[in-house]
Peer 1: 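First the structure, which I've put down as structure tokens, then a few questions once you've had a look.
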There are 2 protein chains.
Amino acid sequence: MGIKERKEKHKEDLRQRILDAAKELFLKDGYDATSIRKIAEKIEFSPTTIYLYYKDKADIMYALHQEGFKLLSGQFLVLQHVHEPFERLKAMGRVYMNFALNNPDFYELMFIMKEPIEFVKAHCQGEEWEEGEQAFSSLTMTVEHCKAAGYFTKFDTTTFALNIWSLMHGLCGLKLQGHLDHMASTKVELFEGGDLMEVTFAGFVKMLEGLK
Amino acid sequence: MGIKERKEKHKEDLRQRILDAAKELFLKDGYDATSIRKIAEKIEFSPTTIYLYYKDKADIMYALHQEGFKLLSGQFLVLQHVHEPFERLKAMGRVYMNFALNNPDFYELMFIMKEPIEFVKAHCQGEEWEEGEQAFSSLTMTVEHCKAAGYFTKFDTTTFALNIWSLMHGLCGLKLQGHLDHMASTKVELFEGGDLMEVTFAGFVKMLEGLK
DNA sequence: TTAGGAATATTAACAGTGTTAACTATATTT
DNA sequence: AAATATAGTTAACACTGTTAATATTCCTAA
């Protein structure tokens, strides 16, 4: 029964090719410009064929959304080798920041846009999600370790982690949206201190150190 | 020459009616669902007429964007009467949070979407912007006053203000995008402590108090 | 008062979008 | 070989923002 398997594989192959084409378009031109028709053209199939492999556009975008989380999780994983917890926390901030800067479209898809998470709510009932939760638990664990090392002792771990995530997410959002650059260009005195995102992050680290 | 004035007025009137219709649709159904054709239908003109009064859809959305900033600025202005600076800072956080929760579409348009600020960059050369900068300077001034009262003395005012904005913006973004609720629904132990946004904000305030 | 011209508004069209129903060709099973 | 399941396509629907060409209205100047 090798023939059935080969067909299965071919089918899985095409599903992957669709995703690859979508990814290429997405990373080049962003969400809106990634149309079903353009994906179809790239893989040289008719547009409707795509609907045999993915439920709809949101389904494709959700698949990319997952890829993004794998990418970020992988980058976080490396940091487990930084033993000093506060150093690791700082490094996580850097990684998160750089991920947003280097993969702005992924970042948008993962943390800013509504579509993919609404797809989760609608079609992936309850469980799943793994990647995202894993990334957040990396953070809470690091905060926990920091507490053991004498940092943030007065604070609840989860609440503190959420504060850190909020700040980093907000910073990335303001940067990607252009608000930070806009402020740097109008408020001249801000421009002197170098990149506003970098300066703000440095300020945040200083703030965290102040909570030892 | 009252006739010319009347015409001017009529023209300004129609411009406003377009904006009102757009606003109504926008607040009811969001950005994407606010189409030129639907706006036109609402004011009983043909779709193309709208282009005589606004350059394009982004232009209309920019006008709403401005309205949103006026709304928020107005709410901030009231807080000038809170004399104790740290109390005022906390109140600003609350106002910002509630603004995001009560006007999610406005918040998205003002702080999350790319379109309007790209319109500013493309068409409003350099100057203008007022409302947004005014809101931020409300914040920096309050931070400055806090410093005078013994808070955050070790920190640069602008950097600190940017950190505060980032955190509040990130928190609102995570809430509106659904990430916070999603976490509350999966991680059961988080749900017990009440609304996650509220809890996080309380943690932030505590953090700021720790920096006195 | 009437002709000209500007301002205003409309129709028709272009080039797209996501998505579905109906149809065809291919391959597998009975 | 006939029936059936699978894979893919064509055509269409109902939209979108936007522009060019056309019609209508209104004010001004001869």
Side-chain angles (χ1 to χ4, degrees), chain A residues 1-19 21-22 25-26 28-65 109 113-116 118-119 122-123, chain B residues 1-19 21-22 25-26 28-65 109 113-116 118-119 122-123:
Chain A
M1 281 285 147
I3 204 157
K4 201 156 197 170
E5 284 167 34
R6 200 178 334 133
K7 266 196 103 177
E8 270 306 307
K9 197 174 173 207
H10 174 78
K11 210 180 154 175
E12 200 45 56
D13 236 53
L14 188 45
R15 202 181 138 89
Q16 188 58 50
R17 278 174 59 205
I18 291 170
L19 195 60
L25 285 167
F26 175 73
K28 187 156 60 74
D29 306 316
Y31 183 90
D32 283 330
T34 305
S35 73
I36 300 284
R37 281 172 175 84
K38 280 184 195 159
I39 296 169
E41 196 181 16
K42 218 170 183 62
I43 59 168
E44 294 184 293
F45 277 82
S46 94
T48 48
T49 300
I50 290 172
Y51 287 90
L52 300 172
Y53 295 85
Y54 290 93
K55 201 195 153 292
D56 52 23
K57 187 177 175 179
D59 195 0
I60 299 174
M61 288 305 169
Y62 174 64
L64 286 180
H65 177 264
L109 194 64
M113 296 188 71
K114 280 216 198 85
E115 259 108 357
E118 268 168 13
F119 183 85
H123 301 283
Chain B
M1 279 286 147
I3 205 156
K4 200 158 201 170
E5 283 168 34
R6 202 179 331 134
K7 263 195 104 178
E8 271 307 306
K9 193 169 176 213
H10 175 77
K11 205 178 158 174
E12 201 45 56
D13 236 53
L14 188 45
R15 204 181 136 89
Q16 188 58 49
R17 277 175 58 205
I18 291 170
L19 196 61
L25 284 168
F26 175 74
K28 185 156 63 73
D29 305 318
Y31 183 91
D32 283 330
T34 306
S35 74
I36 301 285
R37 281 173 174 85
K38 280 184 197 160
I39 298 169
E41 197 183 14
K42 218 169 183 63
I43 59 169
E44 294 183 292
F45 277 83
S46 96
T48 49
T49 301
I50 289 171
Y51 288 89
L52 300 172
Y53 295 86
Y54 290 92
K55 199 195 154 292
D56 52 23
K57 187 178 174 177
D59 195 359
I60 298 173
M61 288 306 170
Y62 174 64
L64 286 181
H65 178 264
L109 195 65
M113 297 189 71
K114 280 216 197 84
E115 258 109 357
E118 266 167 14
F119 184 84
H123 302 284

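Note that this is a predicted model, so its numbers are computed, not measured. Within every chain, numbering begins at 1; the chains are lettered A, B, ... in the order of the sequence lines, protein sequences first and strands thereafter.
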Peer 1: Whole angstrom is fine here: how far is it from CE in A:M61 over to P in C:dT17?
Peer 2: 12 Å
Peer 1: Take the protein atom CZ of B:R15 and the nucleotide atom C1' of C:dA9, then report the distance between them rounded to whole Å.
Peer 2: 17 Å
Peer 1: Donor-acceptor check, side chain of B:Y53 to backbone of B:E12, threshold 3.5 angstrom: yes or no?
Peer 2: no
Peer 1: D:dG8 C1' sits how many Å from A:L14 CG, rounded?
Peer 2: 10 Å
Peer 1: Check whether any side-chain N or O of B:Y62 sits under 3.5 Å from a backbone N or O of B:E115 as a donor-acceptor pair, and report yes or no.
Peer 2: no
Peer 1: Using a 4.0 Å cut-off on protein heavy atoms (strictly under), produce a 5'-to-3' string for nucleotides 17-22 of chain D with B for base contact, S for backbone-only sugar-phosphate contact, and - for none.
Peer 2: BBBB--
Peer 1: State, with a plain yes or no, whether a side-chain heavy atom of A:I39 is found less than 4.5 Å away from one of A:I60.
Peer 2: yes
Peer 1: When the side chains of residues 29-37 of chain B are checked against the rest of the protein, which donor-acceptor pairs come out under 3.5 Å, sequence neighbours left out?
Peer 2:
unit_1, atom_1, unit_2, atom_2, d
B:T34, OG1, B:F26, N, 3.3
B:T34, OG1, B:G30, O, 2.7
B:S35, OG, B:K38, N, 3.1

Peer 1: Answer whether the closest heavy-atom distance between the side chains of B:D13 and B:Q16 falls below 4.5 Å.
Peer 2: no
Peer 1: How long is the line joining CD of A:E41 and C1' of C:dT17, in whole Å?
Peer 2: 14 Å
Peer 1: Rounded to the Å, how far apart are B:I50 CD1 and D:dT16 C1'?
Peer 2: 13 Å
Peer 1: Grab the CZ-P distance between A:F119 and C:dG18 for me, whole Å please.
Peer 2: 15 Å
Peer 1: Whole angstrom is fine here: how far is it from CG in A:L52 over to C1' in C:dT19?
Peer 2: 13 Å
Peer 1: Starting at OH of B:Y54 and ending at C1' of C:dT8, how long is that distance when rounded to a whole Å?
Peer 2: 17 Å
Peer 1: Kindly say if B:Y53 contacts the phosphate of C:dT8, meaning a side-chain N or O under 4.0 Å from OP1 or OP2.
Peer 2: no
Peer 1: Is the phosphate of D:dG8, meaning OP1 or OP2, less than 4.0 Å from a side-chain N or O of A:T49?
Peer 2: no
Peer 1: Distance check, rounded to the nearest 0.5 Å: A:D56 atom CG versus A:M61 atom CE?
Peer 2: 10.5 Å
